[in-house]
Amino acid sequence: MSIPEVGPAPTHGSEPASERFYEIAGRRLSIEAEAGSAGNLASAYVRGFHLTQRPRPDADQLDLRFRVVADQPPLPAGLRQFEIPEGVCHADQRRHYLDVGGSRVVVEERAARRVTVWFGEAARAPGSFALITTMAYAMPAALRRVGLYDLHATGMVEPESGHGFLFPGSSGSGKTSLAVRLGAAGWQYMSDDLMLLCGERPVVEMWPLRRHFQADALSLANCPLPRLEEAIGMVIATDPNKRRLNPTILFPGRFVATATPRVLCFPVVTGEGESRVEALGQAEAMMRLVSMCPWSSYDLAAARDHLRLLGRLVRQCRLFTLRAGRDIFDSPERAGRLLASLA
């Protein structure tokens with residue numbers, strides 16, 4: 001599970017009821033908070049995402065409601081139960097209840113297009129691990145209800161072809177290192193870690209979700225970047241080895257808000273001297289994606305559409321494994337040339 005990071009937010013005791021409106025990938029959503037629910041913490045969290053705040057839309061134009069409530073929602077009897085990282089999921093065919101970080105997230109049936117969050121005491125501290133964990137489950141679950149599916153991947157755009165590249169991988173697979181080097185080689189960037197996929201058009205499209213990169217010393221080693229000191233920000237609370245990195249400072253004017261993925265490349269850091277690229281079959285690529293997207297199986301209300309979208313993505317893209325050696329981490333130009341050849 002990828003856990004986005006946010007900066008400090010003000011502490012609120014008994015705040016009034018509030019509602020804020022946002023848009024992402026053409027979807028309009030609200031974050032609605034009951035009085036005393038600490039809902040401003042949720043709004044502070046999403047500032048780290050590419051959600052654009054909007055004026056109040058007409059009621060029939062709102063696609064999703066994200067509700068933060070003051071009282072813990074009751075847990076119905078008779079639900080199946082299974083463990084998830086940092087908590088437990090209780091589910092049936094239509095909805096699931098996530099008990100994570102001492103909080104509860106209620107993901108309602110798909111037609112309701114509503115997710116309800118109750119923050120326990122541990123999650124009411126701004127920037128706390130419990131708050132971040134709770135929201136890291138709640139927000140992707142909400143977006144799945146409107147056909148947007150998160151993928152733990154770097155998204156970049158090759159400037160000559162305009163092709164979108166997705167680099168899926170777990171923490172430590174080299175995603176941020178690649179994003180930084182490809183950016184230094186002139187590529188356009190989307191996100192270094194969290195992407196959204198949508199399949200409502202003839203081709204699968206992708207959008208960035210998290211705004212800032214999260215980089216450790218290894219991600220930045222041997223990569224001269226103008227204005228690096230200005231771009232480096234706060235230490236990441238959930239991983240003290242990483243710092244927030246502002247890509248708008250490093251790569252001004254090269255942000256891309258949406259693109260069509262044409263290359264799907266799974267990076268693996270080898271530590272060898274020379275990098276190599278291996279073609280990948282569709283069945284293997286699909287298995288890797290499903291293993292990275294457990295909610296394509298767990299969230300039964302959305303699973304069929306989620307799996308169908310991953311299958312379309314695999315058929316749409318050229319598929320590779322990148323066995324990343326020291327050469328591309330030592331030379332942004334080498335990284336750019338090698339990966340541009342895949343387009």
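Only this structure's heavy atoms are used, side chains among them; waters, hydrogens and symmetry mates stay out. Counting from 1, the numbers follow the sequence of the chain as shown.
Checked by atom type and distance alone, the side chain of S331 never pairs as donor or acceptor with a backbone atom of D327 at under 3.5 Å. Under a 3.5 Å cut-off, the side chain of Q214 and the backbone N or O of L245 do not form any donor-acceptor pair. The backbone N or O of L29 sits nowhere less than 3.5 Å from a side-chain atom of R54 that would complete a donor-acceptor pair. Within the 3.5 Å criterion, the main-chain N or O of G233 finds a donor-acceptor partner in the side chain of R243. Here the side chain of K175 pairs a donor or acceptor atom with the backbone of G169 at under 3.5 angstrom. Within the 3.5 Å criterion, the main-chain N or O of A122 finds a donor-acceptor partner in the side chain of S128. The backbone N or O of S219 sits less than 3.5 Å from a side-chain atom of R181, completing a donor-acceptor pair. Checked by atom type and distance alone, the side chain of R104 never pairs as donor or acceptor with a backbone atom of L98 at under 3.5 Å. Judged purely by atom type and a 3.5 angstrom limit, D99 has no side-chain atom pairing as donor or acceptor with the backbone of G87. In this structure, E230 contributes its side chain and R227 its backbone to no donor-acceptor pair below 3.5 Å.
Counted by atom type alone, D216 and N241 present zero donor-acceptor pairs between their side chains at under 3.5 Å. Inspection of the D299 and H306 side chains reveals no N or O donor paired with an N or O acceptor under 3.5 Å. Defined by atom type and a distance below 3.5 Å, a donor-acceptor pair is present between the side-chain atoms of R20 and S43. There is no side-chain donor-acceptor pair under 3.5 Å between S191 and D193. Donor-acceptor pairing under 3.5 Å is lacking for the side chains of D192 and T154. Looking only at atom types and distance, the side chain of S296 has no donor-acceptor partner in the side chain of R144 under 3.5 Å away.
Salt bridge E274/R276: absent, no basic N to carboxylate O contact under 4.0 Å. Note on D63 versus R27: no salt bridge recorded, every NZ/NE/NH1/NH2 to OD/OE distance being 4.0 Å or above. Salt bridge absent: R124 and E121 never bring a charged side-chain N and a carboxylate O closer than 4.0 Å. A salt bridge is absent between E109 and R95; no separation between the charged side-chain nitrogens and carboxylate oxygens falls under 4.0 Å. With salt bridges taken as basic N to acidic carboxylate O contacts below 4.0 Å, none links E108 and R145. A salt bridge links R288 with E284; the closest basic N to acidic carboxylate O contact falls under 4.0 Å. Salt bridge R114/E32: absent, no basic N to carboxylate O contact under 4.0 Å. Here R323 does not pair with E272 in a salt bridge; the nearest charged N to carboxylate O distance is not below 4.0 Å.
Note on V157 and M195: same hydrophobic cluster, where clusters join Ile, Leu, Val, Met, Phe, Trp and Tyr whose side-chain heavy atoms are under 4.5 Å apart, directly or indirectly. Under a hydrophobic clustering in which Ile, Leu, Val, Met, Phe, Trp and Tyr are joined whenever their side-chain heavy atoms come within less than 4.5 Å, directly or via other members, L310 and L194 fall into different clusters. Under the 4.5 Å side-chain contact rule for hydrophobic residues, V117 and V69 do not share a cluster.
Under the ring pair (Phe, Tyr, Trp, His ring centres under 6.0 Å) rule, H96 has a single partner from Y137, W295, F82, which is W295.
Other residues, nucleotides and ligands place more than 12 heavy atoms under 6.0 Å from the CD atom of Q61.
In this pair, F251 and Y189 present their aromatic rings tilted. The plane angle is within the 30 to 60° band.
Residues P76 and L79 have side chains in contact (heavy-atom distance under 4.5 Å, counting atoms from C-beta outward). With contacts defined as side-chain heavy-atom distances shorter than 4.5 Å, the pair L280/L264 does not qualify. Using a 4.5 Å heavy-atom threshold, the side chains of C198 and W207 count as touching. Between L220 and I232 there is a side-chain heavy-atom pair separated by less than 4.5 Å. Within the 4.5 Å cutoff, the side chain of P126 has heavy atoms near those of the L41 side chain. Within the 4.5 Å cutoff, no side-chain heavy atoms of L309 are placed close to those of E200. Side chains of L339 and W187 form a contact here, defined as non-hydrogen atoms less than 4.5 Å apart.
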Worked verdict on T134 versus W118 for side-chain contact (heavy atoms from CB on, under 4.5 Å): CA-CA 9 Å; T134 303; W118 170 78; over 6 Å; no

Step-by-step side-chain hydrogen bond (donor to acceptor under 3.5 Å, both in side chains) determination, T260 to E205: CA-CA 5 Å; T260 301; E205 296 176 299; 4.7 Å; no

Worked check of side-chain contact (heavy atoms from CB on, under 4.5 Å) between F21 and R28: CA-CA 7 Å; F21 301 91; R28 297 180 178 89; over 6 Å; no

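R210 forms no cation-pi arrangement with F49, by the criterion of a distance under 6.0 Å to the ring centre and an angle within 45° of the ring axis.
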